[in-house]
Asker: 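Following this message is one structure expressed as structure tokens.
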Amino acid sequence: MANKYLHIPRLRRVYVWEMPVRFYHWLNALVIVVLIITGFYISNPLGLLSHFDASHQYTMGWFRFLHFIAAYLFFFNFIFRLYWGFVGNKFANWKQFIPTSGRFFREMWTVFKIDILMLKKNGKEQDHLSIGHNAMAGFIYFLTFIAFLVQCLTGFGLYAGMSSWWLPKLFAWVPAILGGDILTRQIHHWSMWFFILFAVIHVYLVFYHDYVEGRGEMSSMGGGFKFIEEEMFEKNAHQTPNPEKTAK
Amino acid sequence: MNNELIPMQPTYYEEVQRKGYSRRDFVKFVSLMTAFIGLEQSAIGQVTKALETKPRMPVIWLHFQECTCCSESFIRSSHPIVADILLDKISLDYSETLMAASGTQAEAALKNTMTKYKGQYILCIEGSVPVGADGVYCMIGGKTSLQILNEVSEGAAAIIAWGSCASNGCVQSAKPNPTGATPIHKLITNKPIIKVPGCPPIGEVMAGVIVHYLTFGKIPELDRIGRPKAFYNKRVHDTCYRRPFYDAGLFVESFDDENAKKGYCLYKMGCKGPTTYNACGVTKWNGGTSFPIQAGHPCIGCSEENYWDNGRLYDRGSSFAGFGIEADADKLGEVALGVTVAAVAVHAVATNFGKSKTIHEHQVEGNESEHELES
Ligand code: HEM
Ligand code: HEM
Ligand code: SF4
Ligand code: SF4
């Protein structure tokens, strides 16, 4: 009976995002949203109409407090993800993010043609290139990590002046190099827009991949699994840079 | 500073007495200065002793591309002894603005101090050095500012860069900087330089820097940017008396509104206090009378590098070159967001055409499986 349906590709379950990556992802998404909202308030506070005296409210104070709490979580979470890029599974490995081979660039170009220009490859609309991130996504996350770094450097650089803890003080050189807090703060503000644009495109693309590929992209950040056609799996498995293999 | 080598000079205290000040005035002045430079009370004795015993320090004060607001600020600092003793008659061997001599006489005085006190004099510089067009924009006695700077700094024990001009170039170095105005630290790298930025710096701060040097014979502790920590380690915002309104989220929305009358925080009027390191909130101006924020005006960040180019005076964001005067980062961001959302929408529609076959195949497969379950 089941033979009748053999032409339907079998899907193979692959554990791509380990628990720490998923935890990192959602904590990161949450704190970034908090940082953007509180950052907007800090940069341009709403004109609150209030009949209270200053002694009875602490609005800006709370927004800044939230911003700094989220900032610390963001920072340590980021450090943790960098660490996991060395000890995690191959899909989380740093090699997935930094273009180090011609293959990486070729794959980026193919992704660009197929997913953005909607061109066909060998008459086919889809080409299952990757199981974890595709090369383009990986590279965009690399840029995102650079934006994380910029935001941490400028943020803690600004914070250094108001803190007595050694950790933020380590960043005091940042405004000194940039020539003062005014510019540091503006860079901090400008790069916020990168995060906003990234979030829009990123969330859209997650939906897009889920819709077009039907491989469980959206749920992968929940349960950790993606589903790959058996034959594609066999064909492409050797192409995914595998740090465990190359190490041997 | 090696005092032994300086030819006999009266001490500061002797000069103070000669000018008719009482011991009481002198001690008052010393306590004031000790407090300003951030020393403990016990240091009052040390400062007193220094001023009583040390011969006066030779000072050369050069004026380049500047507006003289630093000198103005200095001679108006709260305690008359500052102007009378530290600057006016006694300490200044050469200052184009304040000395009586002029022309060849003045040049002779300069030469004289430079040779007599080689390696011992303090060089105070007011103004930036225009290096554009071979320095023709500011020449004194037939020499360019740069030539004079190089000659005079040669034998200086230390350099004090007064004001934003000498410390970071100030307004004359704003884009496009037609005269090539350059701050001192970019031209002289082999001498200790104390930057005392501000447009102008607070008179008491200037006096404090000098008294510190006198007392301890070495430059005060500097921050990473080269400013004395005692005066520049806090933001105006950290010592501003309007800070409770900031924390409460109560802001002036326009200069003539009810909130302005109530003395709310000036943040939304473009106040740069949160990004400006200066002592205005503590020391204040004109002998502690007031300071800009107390007078209802936002801080413009006058002691910060590039404050002219880094934003508008009454606005917190800065305009973007090439995008028109009104375009700040948020306006650009909003446009970029609109474009992104539109592009995403177009892509979503295009997907349904471009990938129709794939999507259709998946649907057929899915339906078949669904039927299998039914049968
Ligand atoms: C503010 C919102 C978000 C931010 C800042 C964000 C950020 C990121 C980052 C930095 C990565 C790279 C992860 C890594 O390997 O270290 C990533 C991957 C991923 N995210 Fe998000 N994310 C957000 C929202 C979402 C949402 C709402 C979903 C799903 C419903 C999602 C699903 C995914 C998936 C599936 C991946 C792996 C993608 C791939 O390989 O192409 N994200 N995200
Ligand atoms: C995704 C990350 C972040 C975003 C989107 C963000 C956004 C913002 C924005 C928009 C502002 C207002 C700037 C202005 O006045 O124009 C701000 C202020 C600030 N942020 Fe962040 N930020 C982020 C991360 C951080 C981090 C990691 C720190 C580290 C401590 C930090 C510390 C600060 C500080 C100190 C201020 C100035 C607050 C004040 O002076 O009251 N931020 N942030
Ligand atoms: S007026 Fe300026 S310096 Fe004072 S609290 Fe408000 S923002 Fe800070
Ligand atoms: S309040 Fe700001 S602009 Fe005004 S003098 Fe002080 S540092 Fe300069």
Side-chain angles (χ1 to χ4, degrees), chain A residues 1-2 4-5 7-9 40-41 43-48 50 52-64 115-120 124-126 158 161-162 172-173 175-177 179-186 189-190 192-193 196-197 200-201 204-205 207-208 211-214, chain B residues 168 223-225 233-235 237-238 244-251 253 259 264-265 267-268 272 274-277 301 304-307 309-311 316-318 329-330 332-334 336-337 340-341 343-344 347-348 350-359 361-362 365-366 368-369 372 375:
Chain A
M1 183 73 197
K4 200 173 138 200
Y5 298 99
H7 66 283
I8 298 179
F40 260 121
Y41 181 83
S43 76
N44 193 8
L46 300 165
L48 290 181
S50 166
F52 283 121
D53 280 340
S55 52
H56 283 89
Q57 60 184 50
Y58 193 56
T59 315
M60 176 59 98
W62 286 121
F63 272 101
R64 290 177 69 238
D115 286 337
I116 302 189
L117 300 182
M118 309 257 174
L119 297 176
K120 292 193 172 129
K124 280 181 33 213
E125 285 175 348
Q126 270 315 112
L158 288 169
M162 355 171 171
W173 55 271
I177 284 190
D181 283 15
I182 304 186
L183 188 60
T184 313
R185 197 160 165 155
Q186 280 175 3
H189 188 123
W190 297 335
M192 172 183 70
W193 282 99
I196 297 175
L197 300 183
V200 170
I201 297 173
Y204 167 74
L205 283 180
F207 277 68
Y208 163 86
Y211 179 55
V212 172
E213 296 169 359
Chain B
N168 55 47
D223 67 8
R224 277 165 201 274
I225 298 180
N233 72 339
K234 284 226 159 60
R235 302 173 305 162
H237 187 61
D238 293 325
F245 293 109
Y246 171 87
D247 287 335
L250 297 171
F251 302 101
E253 303 285 335
N259 296 355
Y264 284 1
C265 165
Y267 189 63
K268 289 176 87 173
K272 304 293 186 302
T275 41
T276 303
Y277 290 78
E304 288 293 312
E305 182 175 326
N306 245 337
Y307 69 101
D309 289 331
N310 274 346
R316 296 207 45 266
S318 75
D330 288 340
L332 282 183
E334 280 156 24
L337 183 60
T340 307
V341 170
V344 161
H347 192 268
T351 302
N352 283 304
F353 293 104
K355 308 289 182 205
S356 58
K357 220 172 107 218
T358 316
I359 296 167
E361 277 170 15
H362 287 174
E365 281 171 27
E368 278 186 50
S369 303
E372 184 185 16
S375 58

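Note on naming: letters A, B, ... go to the chains in the order of the sequence lines (proteins, then strands), and numbering restarts at 1 for each one.
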Asker: What is the minimum heavy-atom distance between B:His362 and A:Glu213, and which atoms define it?
Answerer: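 Distance-wise, the nearest heavy atoms are CE1-O, 3.1 Å.
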
Asker: Check whether any side-chain heavy atom of B:Cys265 lies under 4.5 Å from a side-chain heavy atom of A:Met60, and answer yes or no.
Answerer: no

Asker: With a 4.5 Å cut-off on heavy-atom pairs, point out which of A:Trp193, A:Tyr58, A:Tyr208 contacts chain B the most.
Answerer: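 It is A:Trp193.
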
Asker: Go through A:Trp173, A:Phe63, A:Tyr204, A:Phe40 and name the one with the most non-hydrogen pairs under 4.5 angstrom from chain B.
Answerer: A:Tyr204

Asker: Nearest 0.5 angstrom please: B:Glu253 CD to A:Leu46 CG, how far?
Answerer: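 B:Glu253 CD to A:Leu46 CG: 9.0 Å, rounded to 0.5 Å.
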
Asker: Under a 3.5 Å cutoff, is there a donor and acceptor pairing between the side chains of B:Asp330 and A:His189?
Answerer: yes

Asker: What are the two closest non-hydrogen atoms of B:Tyr267 and A:Pro45, and how far apart are they?
Answerer: CE2-CD, 3.6 Å

Asker: For B:Thr358, is it the side chain, the backbone, both, or neither that has a heavy atom closer than 4.5 Å to a heavy atom of chain A?
Answerer: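 Both parts, backbone and side chain.
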
Asker: Which heavy atom of B:Ala248 sits nearest a heavy atom of A:Thr59, and at what distance?
Answerer: O-OG1, 3.1 Å

Asker: If you take all heavy atoms of A:Arg64 and B:Asp247, which pair is closest and at what distance?
Answerer: NH1-OD1, 4.3 Å

Asker: Please give me the minimum heavy-atom distance between B:Arg224 and A:Ala172, naming the atom from each residue.
Answerer: NE-CB, 3.6 Å

Asker: Which heavy atom of B:Asn310 sits nearest to which heavy atom of A:Ile182, and what is that distance?
Answerer: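 Looking at all heavy atoms of both residues, the closest pair is O-CG2, 3.5 Å.
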
Asker: Counting heavy-atom pairs closer than 4.5 Å to chain B, which one of A:Ile196, A:Leu197, A:Ile201 comes out on top?
Answerer: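 Ranked by heavy-atom pairs under 4.5 Å with chain B, first place is A:Leu197.
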
Asker: Would B:Glu304 and A:Leu183 satisfy side-chain contact (heavy atoms from CB on, under 4.5 Å), going step by step from the backbone distance to the final call?
Answerer: CA-CA 10 Å; B:Glu304 288 293 312; A:Leu183 188 60; over 6 Å; no

Asker: Looking at A:Asp181, A:Val200, A:Ile116, which has the largest count of heavy-atom pairs under 4.5 Å with chain B?
Answerer: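 With the most close heavy-atom pairs to chain B, the winner is A:Asp181.
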
Asker: For B:Leu337, which atoms come within 4.5 Å of any heavy atom of chain A: side chain, backbone, both, or neither?
Answerer: both

Asker: Check each atom of B:Glu334 against the heavy atoms of chain A and say whether the ones under 4.5 Å are side chain, backbone, both or neither.
Answerer: both

Asker: I'd like to know which of A:Ile177, A:Leu158, A:Asp115 tops the heavy-atom pair count under 4.5 Å against chain B.
Answerer: A:Asp115

Asker: Side chain, backbone, both or neither: which part of B:Tyr246 has a heavy atom under 4.5 Å from chain A?
Answerer: both

Asker: Which bit of B:Ala348 comes within less than 4.5 Å of chain A, counting heavy atoms only: side chain, backbone, both or neither?
Answerer: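 For B:Ala348, backbone and side chain are both near chain A.
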
